[in-house]
Structures are given as structure tokens and as C-alpha cells.
2 protein chains.
Amino acid sequence: MTDNYHHGDLKNALIQAGLTILSQEGIQSLSLRKVAKYVGVSHAAPYAHFADKQALVAAIAAEGYKRLYEQVSAAAQANADDPRTQLIETAWAYVQFALYSPDHFKVTFSGVVEHEHDYPDYLEQAKKNFTLMVKVVTACQAYQLLPQGDTELLVIGIWSGIHGLIHLLLGNQLPGAVLTRYSTREMLLAQLNQLLISHDGDSHP
Amino acid sequence: MTDNYHHGDLKNALIQAGLTILSQEGIQSLSLRKVAKYVGVSHAAPYAHFADKQALVAAIAAEGYKRLYEQVSAAAQANADDPRTQLIETAWAYVQFALYSPDHFKVTFSGVVEHEHDYPDYLEQAKKNFTLMVKVVTACQAYQLLPQGDTELLVIGIWSGIHGLIHLLLGNQLPGAVLTRYSTREMLLAQLNQLLISHDGDSHP
DNA sequence: CCATTATCTTTACAGTGTAAAGTTATTCTT
DNA sequence: AAGAATAACTTTACACTGTAAAGATAATGG
């Protein structure tokens, strides 16, 4: 066990090391050789568990989707009683994950350049998240908080809005003037309020 | 002129070579040495014009914003008579640019990792585009096609929606089932119609 | 016309992904 | 339990990357 041979759980150790590097040094510093060194293993050792760098990145991306799901589903369960608040807080959880772990978020959503199809783990986590969004939106539709019609199309519309806002924020694309005028949460709420149907008598602090 | 010394317009030639590589081989193949070889110059020659790779990427990104502006402003001018159509067609031009030149789009919006501030050309083009969007949205507000209120905040909301849709499309994040059911344009229209105020008597084919 | 300077080449180095062959420890078979 | 097969890891190697430093060349400005 003290020797380097047969680490035991090298695959996961490499993923964890990748996450650490990602959060400490950023996406530019994420290399196969560095994660290997980090775990204390030769630079070719990862190839016993990952076909190539893309495969490791895909695993890290799948982990990103997994953590995103944990955050979002926690927000969903904490607000199961009010569909409107549930939508807002799940969206907010999504944004927060992205802002707290920007590089992990980037890897998750644009790190696996293509061929996501080759990584079933990734696809599974992606599907799980989408299903959760469908559920939240469906509840809102049932309460007349969102327009009727194809739910999946509506999910894409809402998801696009949140996702795009994050990308513009992370990419520093928004004019500084706007950033000083509004908080991130205000921008998200403005976004969602464009879609949510306002009912008299509602209270939304 | 036949010799390699004093190429004449090496800086632009390198950018053009970068664009060619980007469209032909993708973002992974974009390297300083390759653009240099492509132009027929030594691998260190680019350093006379660009401080580092980031600087070249920033120039390519600025060019991306420039082309995006050309496409979008053309659509704006072609539909100057009808604000609603103008919004839709400018948005569609935006989407089309992204789908026709996905790698150039990616470089433009997530290639300059950070420090965009160091590249005034890039910032200028970015601002130009934002101003155009503000103009289009302002027209829609004047015609009661979009809700009143802070125009820039509204622009961010709309921009986020379009931008996010593109990212999800380019990142292959949308479930295949939805993609077979709706065209890209239908998804964009669904997105915009969530925001646009419907007036009786309007015709929107 | 000569010196300066911008532009480009050559050489060099550390870091990257990955292939191939060798080494070690585990597991499987009998 | 002993040996064979195999999975996990190391070593060595190579092509490619960004970039620094020093040298060569051609245009320019006094």
C-alpha cells in the first residue's frame, strides 16, 4: 500500500486531483502530467484508467454535472411547497454553482469538445439534470405560473436564459456599468420575471 | 517580396491564417507555430506582432466580434421598418453566425480566458455590439413590443437567452428528442415569443 | 551613407499528450 | 500452494507546444 503500485482507487484520485487543480490553478493548468504528479504517480499511469486526456476531462465534467444536480435538487426539495420559489431558487443554485466553481463549470459545459456520446456517465448526469428541470417547470405550469405548451421547449427557453447569463458573466462580457447597478441575483430575477406570469395577490419579496 | 523578411502585413496574415485553421481544423488545432507555418514564416515570427498566444487569440476574438456585428447590423438595417421583425432577425443572425462558425464563436466568447481589459480592440468591438442590441431593444420598447424598464437589463435578459441557447446547441447539451422535434429557428422563436408582448392583429408568420 | 530599428530566423528549453516496452503485484487456474 | 495470466504502474521515447534569447536581414531616418 505504501508503494505506488496498485494505488487502489487511482481513477477517482485522479479526478479529485483534477478538481483541486481546477479550483486552485484554473483550467489552463489542468494537464494529465500534473494530475499524475499530484497523486504521486508516474505521468503515464493515468492511461491505465483513461484512454486519453479527453476521457479524464469527461469524467471531471460528469462530476461537475453530478455536483450541479446535488445543489439544484437540494434547492428543489427545500422549496417543494411553492413552485414559483422553487423555480427561482433552483435557478439561483445553478448560478451559484457556476460562480463558485467557474472552471469546473466551464469544463462541464465546454470541456468535452465533442463526442459526448462516448461517455455514458456524462450523458447520464446530463439527463438527470434535464429531468429535474422538467419537473420544476411542469409544477410551475400546473400552477399557471408559466405558459402552457411543450414543457421541454419551455425548459430549453428558461435554461438557455440562465445558462447564457452565466456565460456572459464568466466571460466578462457584460458592461461594467450594468454590473455595478445590479447584483447577479437581480439579473437572474429580472430574467425569470420576464417569463413568470404575474398574478395579483402574489408576494415575491 | 519573395523572401520572407518583412512580409508587409504579417499581423493580419496571421489572424487570417488563424481563422482558416479555426474553420478547417477546429479550435484544438489552433497553435502559434501552426499559424506561422501556414503563413510561411518562422515559428517565432509572430512574437514581433503579438506578445503571446493570448494576444493572437484576442485579435481573432476581436475579429469574431467584428464579423458578428456585420451580420447582425445587416439584419438590423434590412428590417429597420418593423421593430419586432428586426429583433427576431438580428437574433437569428446572431445564431447563424454561431452555427456557421462555431469555433470562431467559441474563441470570441470564451477564448480570451481573462484580462479582456488588456485588449482595447476586443473591448471596442464588444461595446459596439452591445450598443446595437440596445438600439434594437429600445425600438421594441417604444412600440410596446417589450416591457418598459431598464433597457440594458432587458438587453442582458434577451442576450442571455440567445447566447445560452447557442451554447447549449454548440455544446450538444440538448436532448436529441427535442432537436428532432424543433428546428433551431423554432427554438429561437419560442425563446423570443416568451418575451415579446403579443398584440391582437399582429401578423407573425 | 551609415546607424538605428523593426522584422524575421535560429537555437534552445521546459512542458504537453501519448505510444511502446518493461516491471511489479494481484488474481485466476488447477 | 504454485505457476500463469493479467491489470496497474514505470521508464523511455517522440513529436508538438509556447516562449525566451541571440543573431541575421532589410527598411528607415538622420
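Convention: sequence-line order gives letters A, B, ...; per-chain numbering from 1.
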Only one of A:V35, A:V57, A:L14 clears side chain to side chain contact (heavy atoms under 4.5 Å, CB included) with A:F50; which? A:L14
Could you check if a side-chain atom of [X] sits within less than 4.5 angstrom of a side-chain atom of [Y], using non-hydrogen atoms only?
X: A:R181; Y: B:D150; value: yes
X: A:R84; Y: A:Y143; value: no
X: B:F105; Y: B:Y94; value: yes

If I take atom [atom1] in residue [X] and atom [atom2] in nucleotide [N], what distance separates them, rounded to the nearest angstrom?
X: B:Q28; N: C:dT16; atom1: CD; atom2: P; result: 16 Å
X: B:L56; N: D:dT17; atom1: CG; atom2: C1'; result: 14 Å
X: B:L14; N: C:dC8; atom1: CG; atom2: C1'; result: 12 Å
X: A:K11; N: D:dC9; atom1: NZ; atom2: P; result: 12 Å
X: A:L32; N: D:dT10; atom1: CG; atom2: P; result: 14 Å
X: B:K37; N: C:dC8; atom1: NZ; atom2: C1'; result: 17 Å
X: A:Q54; N: C:dT16; atom1: CD; atom2: P; result: 17 Å
X: A:L10; N: D:dC9; atom1: CG; atom2: C1'; result: 9 Å

Checking side-chain polar atoms at under 3.5 Å, does B:Q125 have a donor or acceptor matched by the opposite partner on B:Y119? no
Taking the inter-plane angle between the rings of B:W159 and B:H163 on a 0 to 90° scale, is it parallel (under 30°), tilted (30 to 60°) or perpendicular (over 60°)? perpendicular
Residues touching DNA chain C, which here means a heavy atom under 4.0 Å, drawn from residues 42-51 of chain A: A:H43, A:Y47
Where the side chain of B:R33 is concerned, which of C:dA12, C:dT18, C:dC8 is the nearest nucleotide? C:dA12
